2 protein chains.
Amino acid sequence: MARAATTADAFNAVAEPRRRQILDLLAGGERPVNDLVARLELAQPLVSKHLRVLREVGLVDVRDEGRQRMYRLNGRPLKAIHDWVKDYEQSWTQRFDRLDVVLEQLKDMEDGDGSDK
Amino acid sequence: MARAATTADAFNAVAEPRRRQILDLLAGGERPVNDLVARLELAQPLVSKHLRVLREVGLVDVRDEGRQRMYRLNGRPLKAIHDWVKDYEQSWTQRFDRLDVVLEQLKDMEDGDGSDK
DNA sequence: GAATCATATGTCCATATCGGAATATGTCAA
DNA sequence: TTGACATATTCCGATATGGACATATGATTC
């Protein structure tokens with residue numbers, strides 16, 4: 001098996017920075033492809049491809065407006081990500097004041113210091 | 001260019017479900033590889049490879065303990081993800097009470113309803 | 001030193017990616 | 001109809017994946 005498809009879920013879709021940029025732009029409101037192409041300074045086909053991925057994961061919705069296609073953000077699939085990460089919030093917020101942990105870390109630093117074995 | 005490496009950043013590292021499972025397990029405390037292999041019911045080399053990715057992104061730290069290697073969670077790199085997603089929280093929390101939005105959505109549903117063109 | 005346990009690395013395969021270039025589809029305007 | 005504009009799709013190449021399998025490295029015990 002190879003790596004999971006980018007369309008497998010929001011996690012994979014959002015792993016690509018350009019796709020995050022697109023969502024960031026759409027967070028400011030509905031926009032036609034054209035507009036995104038201009039702002040991202042990316043080739044039009046690329047933008048269309050990224051939008052396809054986002055569509056398949058449900059992160060954006062489309063609406064036809066004449067010859068333009070208006071894309072709109074749909075953040076719902078991001079909830080899964082948020083729900084997962086939020087449980088780790090303490091892991092970077094916490095103060096390391098437990099003595100045993102601190103000692104363990106100091107010990108690691110010494111060990112890793114690479115004297116000539 | 002191909003897809004970004006899984007070791008490019010936390011976003012990519014965490015896109016793989018098994019890697020998330022590993023972090024979830026480590027959230028419960030330091031664990032040797034062995035332990036993870038048993039709990040994940042995954043081939044040992046696979047677990048080692050996933051751990052490598054997590055290590056390269058800084059999501060886990062290792063410590064040698066005799067012939068075992070104790071892996072420990074380091075959530076800090078997840079902050080970037082949290083910071084990004086949290087701005088979208090309202091996008092799935094919000095009540096759709098703006099009339100224009102509601103109408104737009106209804107219109108889309110009709111349009112998409114696929115009568116014969 | 002030899003055997004054993006714990007972990008890491010290397011090779012192979014099938015698959016899917018992102019990007020670029022060219023081209024197809026679809027809509028409006030003259 | 002013809003042409004211009006907006007967007008999507010297809011084909012290509014380079015790359016990296018996750019998994020299976022075999023093997024290497026490293027520490028411990030006998």
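Letters A, B, ... are given to chains in the order of the sequence lines, protein chains preceding strands, and every chain is numbered from 1. Note that the coordinates shown come from a computational prediction; the quantities given were computed from them, not determined experimentally.
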A:Ala2: partners by side-chain contact (heavy atoms from CB on, under 4.5 Å), with sequence neighbours left out: none
Of A:Val47 and B:Ala4, the one whose closest DNA chain D nucleotide lies more 5': A:Val47
Short side-chain N/O contact from B:Asn34 to OP1 or OP2 of C:dC5, under 4.0 Å: no
Rounded distance (Å) that lies between atom C1' of D:dT25 and atom CZ of B:Arg69: 11 Å
Nucleotide D:dT28, atom C1' - distance to CG of B:Asp64 in whole Å: 14 Å
Among C:dG19, D:dT7, D:dA14, the nucleotide that comes nearest once only the side chain of B:Ala2 is considered: D:dA14
Near-strand residues of residues 8-19 of chain A, defined as heavy-atom separation under 4.0 angstrom from DNA chain D: none
Residue-phosphate contact under 4.0 Å: B:Thr6 side-chain N/O, D:dT17 OP1/OP2: yes
Contacts of type side-chain hydrogen bond (donor to acceptor under 3.5 Å, both in side chains), residue B:Arg3, not counting sequence neighbours: none
Atom-pair distance (CD on B:Glu56; C1' on D:dT17), nearest Å: 14 Å
Closest contact, heavy atoms only, B:Val85 versus A:Leu78: CG1-O, 3.7 Å
Residues in side-chain hydrogen bond (donor to acceptor under 3.5 Å, both in side chains) contact with B:Arg39, at least two apart in sequence or another chain: B:Asp35
Length of the CE-P vector between B:Met70 and C:dA8, whole Å: 12 Å
Residue list, side-chain contact (heavy atoms from CB on, under 4.5 Å) with B:Asp24, at least two apart or on another chain: A:Trp84, A:Tyr88
Nearest-angstrom distance from the residue atom CZ of B:Arg55 to P of C:dT7: 12 Å
Closest to side chain of A:Leu51, choosing from D:dA8, C:dA8, C:dA6: D:dA8
N/O donor-acceptor pair under 3.5 Å between A:Arg72 side chain and A:Glu30 backbone: no
Given DNA chain C, 5'-ward residue of the pair B:Val33 and B:Arg3, judged by closest heavy atom: B:Val33
Interatomic distance where NE2 belongs to A:His50 and P belongs to D:dA8 [whole Å]: 13 Å
List the atom pairs, donor and acceptor, that lie under 3.5 Å between side-chain atoms in residues 49-58 of chain A and the rest of the protein, sequence neighbours left out.
residue : atom : partner : partner atom : Å
A:His50 : ND1  : A:Arg19 : NH1          : 3.2
A:Arg52 : NH1  : A:Glu56 : OE2          : 3.3
A:Arg55 : NE   : A:Tyr71 : OH           : 3.3
A:Arg55 : NH2  : A:Tyr71 : OH           : 3.3

Could you go over nucleotides 20-22 of chain D and give all protein N or O partners under 3.5 Å, atom names and distances?
residue : atom : partner : partner atom : Å
D:dA20  : N6   : B:Lys49 : NZ           : 2.7

Under-3.5 Å donor-acceptor pair between B:Arg67 side chain and C:dC5 base: yes
Presence of A:Arg52 side-chain N/O under 4.0 Å of D:dA8 phosphate oxygens OP1/OP2: no
side-chain hydrogen bond (donor to acceptor under 3.5 Å, both in side chains) partners for A:Gln44, two or more places apart: A:Ser48
Contact under 4.0 Å: B:Tyr71 side-chain N or O vs C:dA8 OP1/OP2: yes
Residues in side-chain contact (heavy atoms from CB on, under 4.5 Å) contact with B:Pro45, at least two apart in sequence or another chain: B:Ala43
